[in-house]
Each structure stands twice: as structure tokens, then as C-alpha cells.
Amino acid sequence: MSRLIGILALLWTLPAWAVGEVTEFTLDNGMQAVVIEDHRSPAVVHMVWYRVGAADEPPGQSGIAHFLEHLMFKGTDTLEAGEFSRIVEANGGSDNAFTSWDYTGYIQRVASDRLGLMMEMEADRMRGLALDPDDVTTERSVILEERAQRTDSSPGSLFNEQVRASLYLNHPYRIPVIGWRHEMEGLTREMALDFYQRYYAPNNAILIVAGDVDPAEVEALANQYYGPLEPTPGLGPRVRPAEPPQIADRTVTYSDPTVARPYVSITRLAPERDPGAQEEAAALTLLAELLGGGQTSLLSRVLQTEEQVSLFAGAYYDGLNYDDGSFTLVNVPVPGRSLEEAEVDLERMIARFLEEGVDAEQFERVKFLYEAGEIYAQDDVAGLARSYGVALTSGLTVEDIEAWPDVIAATTIEDVMAAAHRMFDDGVTVTGYLTRTEETTQ
Amino acid sequence: MIRATLFALCALVAAPAAAQVQIQDVTSPGGIDAWLVEDHSIPIVALDIRFAGGTSLDPEGQRGAIYMMTGLLEEGAGDMDAQAFAAAEERLAARFSWDAYRDSVVINAEMLTETRDASAELLRSALVEPRFDDDAVERVRGQILSIIAANAQSPEDIAPDRFNALAYGDHPYGTAQEGTAESVAALTRDDLIAAHDSLFTRDRVYVGAAGDITPEELGALLDRLLGDLPESGVDEIGPAPWNLDGGITVVDFPTPQSVAFFGQPGIERDDPDFFPAFVLNQILGGGNFGSRLQEEVRVQRGLTYGIGTFLSLADHAPMLLGQFSSSNNLVAEAIDVVRAEWADIAENGVTEEELEAAKLYLTGAYPLRFDGNEAIAGILAGMQQDGMPMDYIIDRNDYVNAVTLEDVRRVAARLLKPDQLHFVVVGQPEGL
């Protein structure tokens, strides 16, 4: 093992001229920018991320952040509805957008000599959105169809929505990004524009450009197109309603006749990655890997392979958030084994982990995998760009992102065990049962 | 200002950047062919190794054998059981994936340069000497049975499955590659070994490679990896029949939103009209936001979150297929719109503007596909399996640009058959 780690250390010192060089700058109007170079192919990914998402919505307007994301394709003072995407496609590019609790992002992928045009159009719609009322009404039907497709037709998605709403008692992470259907039906053009005018501004935006570009040219283009935009005054740090002390365990049961694979989950609140203080998150990241990451993790090895009582068992740490994250254990039992037994199996594995500790060889393996993952990630510059966007809108800095591999590498088995005790020794849980409704005959 | 810029750039796009990759034709000392794009900027290599035939080679009565066999390759090989194999893969930070499709089984391997030899040896072991241990077989069998049960409760799986059953009958394309609960329960270890030996042969393999490796190193690696495979296995299967007429098949399922899967016969890749058909599909239902169907069904009417069509170039039955989801009270209207657009384009063709937009998109997007070792390796292996020449990469945009409005009109009239278009609708649609 130590030999491999040594080799990897050498790899890290390879010249970075080809792939992965990161440059940072900030425009006078407050817009932050990150450039990631990859000169292997004449393409570029252009993204603008806003530090606003579903967790920033006014009460009663759930889904407005995502609805606005859709409406951003509906035209501006200079572009008619749909023209943005038509121009991107006419240039051989593809474009899309995405919304989460902490961010809303817009992305185009084009030949690198089209970067200026992408910036011109993205800057145009940062401040110049013009919405036709009929387009808004039709697009509301589209997001309701989106909810029907992704959530209402999927028992697993409905279950996750309910678990999340139970995990967070007060923080708006409890509200689904797509929105609650009854509130989505009432979303209006005015709500969207209010949200837009406040939050879509250069001082709330992050530009990420990744691909075959020269950082100095990107900065010049950014100054040309984004530089003239007016910031929104008075936008302070995001402050959302905080969680009260959680004192009661919850159990969520959701039944549906079309559930094919019933399962149980146990979720806890967990600290997120914080700027300048990522040690606990690093320990929890490795804990999730050791406990329920790959095939050799404890849950998979014992429950799936040795005892054959689970179809699947895993652990997930969700730490890339602006506010509190979560730590989740999942167990899909084999047919014939009850969810109660599956829950006990999970608790048994936690107890065993706390008692037995971590095998040193497995620990080195997992850390090496994590380090190698940073090399593999360079093969997908769009994915790399996206991971920067998520991290930056979660409140981290470029320095935090670059320090993360070192923080992981410095984490010890003792750190992981201490984090495991903090996570599992006490504190409340939300236990979820997704079950199949049995047909009743009378 | 933006319009002026756009105009200038559109003029530029007419001569898009060619894909900037140089493919090397590598033949190993042992006679195994591969295509390679050498790029030493990241110390990894990506291999795409695919075996033609895929799950359609299942013997009669053993549906699911190749799918299950593929799932067992990483569950123990040589002197390693499943746990030992997984630990070895982690120790090397190699990344193997094994995917079964109806026309091929695809093995993707990404390896660090520094652990490449040991990683290739591990991969060879899985490919050539899988163990099919009893406990691993039972574990994977259980997982597959759960997948089959889950698919039976998923409208997005039920719809194409039913469509395929109606269209292809007893041909392997007519049944799900995972098999049925009965066929999977009946598979024996001997069946899996036979499935392995029938598929993994030298005459079925295609290799694409990209990344930090020289032709000489690749040749030696391939001889080690694939040199032990037998020359040939089983015979090819025949073409699939087409048993469907136009119409609508409703599958009752308790869900608020119906899934519609639809299609009609398509066109072969070697047909002289293939490129007009390819451009036609782009205008009809390809791409992202700009297609006719997306515009009429989503943008104008809000009847769906998304709709698309694609030319399926499956080995034994070329198809023109599409899919969307609409709430139960909207799906009938959405189907009417799809049929109307189908008929309109069949009768009237497309506009000059639509044709230009489609060509600009297709020719501009093509070079952007070659991004990253993993993507390139996949393109190279796929081109070989499809029998395409290496210089297709250079010529391809010329073929697209050569398509005329008259070509599209002619091919639309030939290809699009509104009365043959069959819809399978899974849900509780109103008014169908």
C-alpha cells in the first residue's frame, strides 16, 4: 500500500499544463469567476451559478426557484422565448440548467471560440428577463408534469420527500426543490420576477469556465459582458431558519401497492463541510465509505455477501450543503426478511463497527481510492466544473476545494472512529419504512 | 447586438472544427485489432472492450443467461472470491464496469498508468477465468429477481417491454434481457459457463483505447487480456420480425401520469437515405429544446416535461422510437399532437430554417463528443462494431451538410408512416 501512495504523490507533481489548472478572479461588481483549463479538446463549458436555491424561497412559494430556472429560457428584452437555446444549438452547443436547495445553475457546452457569445447571452438574461404571461402559464403546466413524472409517479421519490420533510423540522431543506404541488399550482409571474430581481445579480453569481481557454482571455470577456451588470445592493450572507434542538426520534412509513423492493433507511443530521474546517466532514466521508461505500465496506460485505440478508445495503454522507447535511444508512432486505429485521441489521452493523474499529489495510485502500478519484476526475472537465460550482455555492472557497484531498489524506482511523461515535452514540434518528401495500380481500 | 453576433457566428459554424483526434490502428503481436487515441496528459487509460451479440445470444429457454453471467464476472475470478476481487480492484484503484445490452456486452476499464499491468491482469482474470461460485450465483440471482420485480412495477420499463413484446414476438428483442422470474430461477452454473464461452470470443471483440498508453504497450496488454479467448463461439441470430400495426395499446397501471412509448420501423445505417433520415429525426424529435415535438407538445401546450425520438440502429431491427410522459388527462391530446406532426412532416417535409438549424447543431456538436478518454474509447469501439471506417470521423459532417431539403422531404415521405405508428400507454389514460 505505501508503495502505491508514494507513486501517487509523484503523479500529483506532474506538470499541470494540460489539464486541471485553476485560476480565480473577481469582477468589480462582485461576480466571482473560476477558470479550469483542459486543452485536450477544443470545447468549453460555460456555467453561471447563483447562490440561491429552493432553501431561499419565500414561505408558501415552494418551487419558485426551480420555476424561475425554467422561465429563464423564455426570453429577454433582446431575445424571444426559446431563442437562447436555439442560438446555442445553432452553434453546435447544448445547454441546460439545474436547481437545488443551495444553488441554481445554467450551463452551455460549445466550441471554445463561442465562449463570448455564451457570455453575452447569459449576461443578457441575468438582468434583462422579459416574461410573457402566456408563456408563464404554459410553463407552469410543464413543471407540474415534471413533478408528476419525477415524484408523483415514483413511490421511492414520494418516500424520500416525506423523510426529508421529517428530518428537518424547521430548516427549509425540508421543502422539495420541485415544490409541493398545491403551492406550485399557485406560482405566478410576479413571484418569479420578484425572486429573479433580488437574487439574479453579479454579486450573487459565480462564473465557471472549463475547457480549452486562456484564463486571461476569459477574464477579458467576463469584464466585457458581465462587468457592466449592476449588482443587487444589500445582499448579505444567506441566513435560513435554523433547526431547533431535535429531541425526538421519528418514524416515517409510506406504503404503495407498486413498491417492488421495500427498504428501511435511518437518517441523522450531520455537519456539513465548512470553509476552513473540513476535518469532521472528511472523517464522515471516509466513515460512509468504510461503513457502506463499495463492495468491501462493512454493510455490503456482511449483509450482502456473508449473511446474504440484504439485496443492497449502503451508507451515504451528504455534506456539500450550505447548512446542515445528513448521514443515511439504507438496507434493502432479501425477500422474506422484514423491515424490522433489516433495521436491526443496520443497528447491529453500527454496533459492530464501533466495537471492531477499522481495518488498517481497508483504510489505506479507501483513502487511495479517494486520491485516485481526483486523477480520474480530470478526465471529465465538465464534471470537475460542476463539482466546483456545488462546493462554491455551499459556502466553500477554491482554497477549501484544493485543500480537500490533503484533509482527506491527513484523516486518521482515530478521527474516523471519533466521528462515528459523535454520529451514532446519541442524537435522534429518522427511520423510514417504504413498504408495499398488500392487497386486502374481503 | 446579439442578433448581429449570431449571424456572424452562424457563418463561422458552416465550417466547424473537425474532431481533433488522431486514431491509430493497432494490431497486437497476437493479432488483436484495436483503435487508439494516444494522449499522455493524464496518467490514466480508458479501454472499451465490447463483444458483439450481447444478450440476444441467450439460448432458447435460457433468457437472462448472458445478463446474469455478465453480472457475475466481478464476483470472483481465479484464486479470488468476490470480496478478494473487490479488494484487489480497490487496491489498484482500477475502475471496471460490465454492462449487457441486446447487441453487445461492454466492458469499460479505466486504469492508472502506475497500476496498469496489475489492473490488466485483474481484468483478464475476470474475463477469462470467472469462478461462478455457488454463493455468488445465488446472490446475483436474487439481485436480478429483484430487478425483474421492480421493472414490473415501473411504467417506464413496462412501456418499452410491452412494445417490444408486441413488435418482435419470439425474437430475443421481444423479451427483456434480464429474463423472467422463471427463466432466471432455472439458470444453472453450467448455463452461465456456456453463456460465457459463447460470447467471449476473438471474432466478436472490438476494442477502443484512449489515454496514457503507447501502441506497443496496448498491443502487449491486449495479448495478455484477450489472447486466451477462443476464436469463435455460436452462430449469429436472424433478423427480428415486425408484428405491429398502427394503434394504441393501453396497459392499465395505477399512476397519476401515463408513460407513452411509441415507434415504427426505421432505417438501416447503410441505407443511402440514412443521413437524410438522421437529420429528419433531429428536426422531428431529436436534440434538446428545438425539435417539432418538443415545441408542440411541451413548449406550446405544456403537455409533458419532455418528449424525444431516436433512430434505433439495433443490429436486427432498425426502428424509429420515441417516449414521453403526460398526466392521465392529457396523454390523449399529446398523442394526437404527435400523430399530427408525424403526418405533417410526412406530407409537407420540413422548412429550410429547420434544416439549417439541425445541420448546424449536428455538425457543431459532433467534435464536442470527443471529450475525455472514456468518451473517446467508447466512440472508437462503437464505430468498429458498426463497421464504420476510421475516416468517418472526418467525413461525417460532410454527409450531414450534403442533405438537402428535397432529400428530407423524400425520406420523410418514405419513412414516416403515421398509420403504422403504434403507442403503448402505461397508466390510466382518459379518453383512449
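In this text, all values refer to a predicted model and were calculated from it rather than measured experimentally. Order of the sequence lines fixes the chain letters, A, B, ..., with proteins taken first and strands second; residue numbering starts at 1 for each chain.
Using a 4.5 Å cut-off between heavy atoms, B:Asp39 contacts chain A through its side chain alone, with no backbone atom that close. Looking at B:Ile147, the atoms closer than 4.5 Å to chain A (heavy atoms on both sides) sit in the backbone and in the side chain alike. In this structure, chain A has a heavy atom under 4.5 Å from the side chain of B:Glu156, while its backbone stays farther away. Of the two parts of B:Arg95, the backbone and the side chain both hold a non-hydrogen atom closer than 4.5 Å to a non-hydrogen atom of chain A. With a 4.5 angstrom heavy-atom cutoff, B:Glu75 touches chain A only via side-chain atoms. At a 4.5 Å heavy-atom cutoff, B:Ala375 makes no contact with chain A through either its backbone or its side chain. Both the backbone and the side chain of B:Ser327 come within less than 4.5 Å of a heavy atom of chain A. When heavy atoms are compared at a cutoff of 4.5 Å, B:Val259 does not approach chain A at all.
Geometrically, B:Arg396 engages B:Tyr366 in a cation-pi contact, judged by NZ or CZ lying under 6.0 Å from the ring centre and within 45° of the ring axis.
Here the side chain of A:Glu83 pairs a donor or acceptor atom with the backbone of A:Glu80 at under 3.5 angstrom. A donor-acceptor pair is defined here as one N or O able to donate and one able to accept, closer than 3.5 Å; no such pair exists between the side chain of A:Thr76 and the backbone of A:Arg125.
To the nearest 0.5 Å, atom CG of residue B:Leu145 and atom CZ of residue A:Arg261 are 11.0 Å apart.
Side chains of A:Thr296 and A:Arg365: a donor on one and an acceptor on the other come within 3.5 Å.
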